[in-house]
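Note that this is a predicted model, so its numbers are computed, not measured. Numbered from 1 within each chain, the chains take letters A, B, ... in sequence-line order.
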There are 2 protein chains.
Amino acid sequence: MSFDYRIIDDVIHSRVRLAIMSYLATAHSAEFVELKKALKVSDGNLSTHLKKLEDTGYVIVSKQFVDNKPLTRIEISREGETAFRTYVDGLAAMLGPATNTKKT
Amino acid sequence: MSFDYRIIDDVIHSRVRLAIMSYLATAHSAEFVELKKALKVSDGNLSTHLKKLEDTGYVIVSKQFVDNKPLTRIEISREGETAFRTYVDGLAAMLGPATNTKKT
DNA sequence: GTTAGTACTTTGTAATACAAAGTACTTTGC
DNA sequence: GCAAAGTACTTTGTATTACAAAGTACTAAC
């Protein structure tokens, strides 16, 4: 139970980026449009958040053309997976007892 | 498992405010200095975040003088408790499988 | 062949996070 | 007894952020 707010990684902590990382934590990879729909985020917003994650090295972004249309694939990196796990653990430590997830 | 990033309450989601709410979720109330030490946050930063929580109605702040020194007591409100619970549930829904907290 | 759509990126701006500086005291040296 | 240092905050300044609107580069439809 640590309440030091600095234990939580603010690259991951942003709402949109947390949603991206959560999605990728299970899916491992996704397409731009797929994420956009799942997270209900505007494309501009998604784009900037992806860039931040890419710059930090938490995701790997690869662009190609399929049927003459751009197709962006986003993959979580090793570093990203580790960071995400650390983030979740830190969060659990902060939330404390409230973490006991109730299964519906 | 919802990845819609808007389900998470951004009043609570800020790192410092999440730490405050987590602290108060178990302690129910705390003093300014107590929070400052527990969260390792600068006083200016704590002050502004508390104001936001107070404005939103998630905490109740009461100021008094004890031994001629100001003493600020922060208490979580009913609304705050509900919002926090909703926040944690939303977070769990987003994090998905990663939520299964491992007990050290 | 203009109009609409897809898949993005860049840009503009309002809001945020944070610490430094400020306020109002009180206690401690000397 | 009064300057200097401390306590408990609040206000202010600024760099960063979050977000959508506008822009780019195409293709498909009418």
**Prompt:** Atom CD of B:Glu54 to atom P of D:dT11: distance rounded to whole Å?
**Reply:** 11 Å
**Prompt:** B:Lys51 near the nucleic acid: base, sugar-phosphate alone, or nothing, with a heavy-atom cut-off under 4.0 Å?
**Reply:** sugar-phosphate
**Request:** Starting from P on C:dT16, measure out to CG on B:Leu53 and report it in whole angstrom.
**Result:** 12 Å
**Prompt:** Parallel, tilted or perpendicular: which describes the rings of B:Tyr23 and A:Phe3, with under 30° parallel and over 60° perpendicular?
**Reply:** perpendicular
**Prompt:** Rounded to the nearest Å, what distance is computed from the CG atom of residue B:Asp43 to the C1' atom of nucleotide D:dT7?
**Reply:** 10 Å
**Message:** Does any part of the side chain of A:His49, heavy atoms only, come nearer than 4.5 Å to the side chain of A:Leu53, both counted from C-beta?
**Reply:** no
**Item:** C:dC8 phosphate, OP1 or OP2, under 4.0 Å from A:Ser47 side-chain N/O
**Value:** no
**Complete:** Nearest heavy-atom contact between A:Leu46 and A:Phe32 is CD2-O, 3.5 Å
**Prompt:** Just checking A:Leu71: base, sugar-phosphate only, or nothing, at a heavy-atom cut-off of under 4.0 Å?
**Reply:** sugar-phosphate
**Message:** In whole Å, I'd like the distance from the CD atom of A:Glu34 to the P atom of C:dC8.
**Reply:** 11 Å
**Message:** With a 4.0 Å limit, can you tell me whether A:Lys52 has a side-chain N or O closer than that to the phosphate oxygens OP1/OP2 of D:dT17?
**Reply:** yes
**Whole angstrom value for the distance that separates C1' of D:dT7 from CG of B:Leu35** = 17 Å
**Asked** Starting at CG of B:Leu50 and ending at P of D:dA8, how long is that distance when rounded to a whole Å?
**Response** 15 Å
**Request:** Using a 4.0 Å heavy-atom cut-off across all strands, classify A:Val41 as base, sugar-phosphate, or nothing.
**Result:** nothing
**Asked** Which stems does DNA chain C form, counting runs of 3 or more consecutive Watson-Crick or G-U wobble pairs with both distances under 3.5 Å?
**Response** C:1-30 with D:1-30
**Request:** Please determine if a side-chain N or O atom of A:Arg15 lies less than 4.0 Å away from the OP1 or OP2 oxygen of D:dC19.
**Result:** yes
**Fill in**
Which of C:dA17, D:dA8, D:dC9 is nearest the side chain of B:Asn45? It is C:dA17
**Asked** With nearest nucleotides of DNA chain D determined for A:Ser42 and A:Phe65 from heavy-atom distances, which residue corresponds to the more 5′ nucleotide?
**Response** A:Ser42
**Asked** Do the side-chain N or O atoms of B:Ser14 get closer than 4.0 angstrom to the phosphate oxygens (OP1, OP2) of C:dA17?
**Response** yes
**Prompt:** Base, sugar-phosphate, or nothing for B:Tyr5, non-hydrogen atoms under 4.0 angstrom?
**Reply:** sugar-phosphate
**Step-by-step side chain to side chain contact (heavy atoms under 4.5 Å, CB included) determination, B:Leu50 to B:Leu35** = CA-CA 10 Å; B:Leu50 281 176; B:Leu35 276 179; 4.3 Å; yes
**Request:** Please assess A:Leu95 against B:Leu91 for the test side chain to side chain contact (heavy atoms under 4.5 Å, CB included), listing each intermediate value before the final yes or no.
**Result:** CA-CA 11 Å; A:Leu95 295 174; B:Leu91 207 62; 4.1 Å; yes
**Complete:** Sorted by position of nearest nucleotide on DNA chain C, 5' first, the leading residue of A:Asp10 and A:Val61 is A:Val61
**Prompt:** Can you check whether A:Leu24 reaches A:Val59 side chain to side chain, under 4.5 Å on heavy atoms?
**Reply:** yes
**Request:** Report yes if the side chains of A:Ile20 and A:Val41 come closer than 4.5 Å at any heavy-atom pair, otherwise no.
**Result:** no
**Item:** Residue list, salt bridge (Lys or Arg N to Asp or Glu O under 4.0 Å) with B:Glu31, at least two apart or on another chain
**Value:** B:Arg73
**Prompt:** Hey, mind stepping through B:Glu79 and B:Tyr58 against side chain to side chain contact (heavy atoms under 4.5 Å, CB included) and telling me if it holds?
**Reply:** CA-CA 6 Å; B:Glu79 205 188 332; B:Tyr58 288 176; 4.0 Å; yes
**Item:** Minimum-distance nucleotide (side-chain atoms of A:Val33 versus D:dT10, C:dC8, C:dA19)
**Value:** C:dC8
**Request:** Measure from the side chain of A:His49, starting at C-beta and using heavy atoms only, and say which of D:dA20, C:dC8, D:dC19 lies closest.
**Result:** D:dC19
**Prompt:** Which part of the nucleic acid, if any, lies within reach of A:Lys36 when heavy atoms closer than 4.0 Å are counted: base, sugar-phosphate only, or nothing?
**Reply:** nothing
**Nearest to side-chain heavy atoms of B:Phe32, which nucleotide of C:dA7, D:dT10, C:dT11** = D:dT10
**Item:** Side chain of A:Arg17 - closest among D:dC9, D:dT11, D:dA18
**Value:** D:dA18
**Asked** Could you state the CD1-C1' distance from A:Ile74 to C:dT9, rounded to the nearest angstrom?
**Response** 13 Å
**Message:** Quick check on C:dT9: is either OP1 or OP2 less than 4.0 Å from any side-chain nitrogen or oxygen of A:Lys63?
**Reply:** yes
**Item:** Interatomic distance, A:Leu18 CG vs D:dC19 C1' [rounded to whole Å]
**Value:** 17 Å
